[in-house]
Amino acid sequence: MPTHKDQRRQEAASRRAAMHASDRERAALDLAEWIHTCPFRLEYHVTVAAYVPVGTEPGSVPAGSGVAPTAMLDALLDRGVTVLLPVVPEGDPAPLDWARYTGPRSLETRRWGLLEPTGTRLGTAAIRAASVIFIPALAVDRTGIRLGRGAGYYDRSIAGLSAELVAVVYDDELVDSLPSDAHDVPVGWVLTPGGGFRELAAPRTDDDSTD
């Protein structure tokens with residue numbers, strides 16, 4: 001029987017599939033533009049982890065579009081930072097491997113049709129060098145709970161890190177609340193095409209309560 005999370009994933013996928021091509025292109029351009037007003041320090045000697053959007057994810061564009069699906073990544077390179085992209089490991093879900101992004105020509109299509117960097121694999125620990133991590137999501141709530149695709153690659157990769165975690169979603173995918181599990185790693189920020197970077201409230205825990 002589908003869980004509440006599964007239902008929310010299906011709803012998000014349906015909304016994204018119904019988006020007009022021009023709206024997706026506009027979103028990709030807007031996300032790239034927000035990088036130039038990022039609230040975090042983005043300059044030389046800074047490492048950022050990100051990803052190549054696919055399918056109908058924010059930043060992805062229809063085939064034949066005049067907008068590159070790497071627009072946001074290229075904007076990061078323009079800021080002079082080192083950009084790391086994930087490499088999905090073989091086998092069952094596990095922490096992601098990482099490699100440097102140096103431009104669109106450094107990518108090739110691999111597992112599940114994902115665009116991944118062709119450079120030297122740096123290992124799962126490479127993400128610890130990142131001070132900012134952009135993370136794909138189907139939705140995020142105002143306390144930072146992120147709805148992913150369910151395999152857990154990112155939760156396994158970002159647990160315990162001190163980096164700024166930024167979920168990238170469309171504007172209507174920032175919602176009041178989402179179901180969560182104990183292993184879900186909350187994010188501190190959201191980036192949307194229309195609203196830019198917004199800081200999220202930390203989820204309430206038992207330790208926050210008062211007698």
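Being a predicted model, the structure only gives us computed values, none of them experimental. Residues take their numbers from the sequence shown, with the count starting at 1.
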TODO: Evaluate side-chain contact (heavy atoms from CB on, under 4.5 Å) for V169 paired with R146, printing each intermediate quantity in order.
DONE: CA-CA 10 Å; V169 296; R146 181 184 69 93; over 6 Å; no
For the atom pair [atom1] ([X]) and [atom2] ([Y]), what is the distance rounded to the nearest 0.5 Å?
X: R24; Y: R16; atom1: CZ; atom2: CZ; value: 10.0 Å
X: I145; Y: S177; atom1: CD1; atom2: OG; value: 10.0 Å
X: Y101; Y: D74; atom1: OH; atom2: CG; value: 3.5 Å
X: W189; Y: F40; atom1: CH2; atom2: CZ; value: 4.5 Å

Give the minimum heavy-atom separation between [X] and [Y], together with the two atoms involved.
X: S65; Y: E25; value: OG-OE2, 2.8 Å
X: G148; Y: R9; value: O-NE, 2.6 Å
X: E57; Y: Y170; value: O-OH, 3.4 Å
X: G123; Y: W98; value: O-CD1, 3.6 Å
X: A130; Y: A163; value: O-CB, 3.3 Å
X: L76; Y: I35; value: CD2-CG2, 3.7 Å

Validation row: [X], [Y] side chains within 4.5 angstrom (heavy atoms):
X: T47; Y: S131; answer: no
X: L115; Y: E108; answer: no
X: L161; Y: V185; answer: no
X: V48; Y: R79; answer: no
X: R198; Y: V140; answer: no

Do side-chain atoms of [X] reach the backbone of [Y] as a donor and acceptor pair under 3.5 angstrom?
X: D6; Y: T3; result: yes
X: W34; Y: P193; result: yes
X: D171; Y: G195; result: yes

Between [X] and [Y], does at least one N-O distance fall below 4.0 Å, as a salt bridge requires?
X: R26; Y: D23; value: no
X: R111; Y: E116; value: no
X: R8; Y: D141; value: no

Open item on the list: If you count heavy atoms of other groups shown closer than 6.0 angstrom to CZ of R100, is the number above 12?
Closed with: no
Open item on the list: Within the supplied structure, the quantity of interest is the number of heavy atoms (other residues, nucleotides, ligands) at a distance under 6.0 Å from H45 NE2; does it exceed 12?
Closed with: no
Task: Cluster check Y153, V87: I/L/V/M/F/W/Y, side chain < 4.5 angstrom - done: no
- [ ] Please answer: with hydrophobic residues joined when any side-chain heavy atoms are less than 4.5 Å apart, are V67 and V52 in the same cluster?
- [x] no
TODO: Could you walk me through whether V166 and V187 pass the side-chain contact (heavy atoms from CB on, under 4.5 Å) test, one step at a time?
DONE: CA-CA 6 Å; V166 185; V187 300; over 6 Å; no
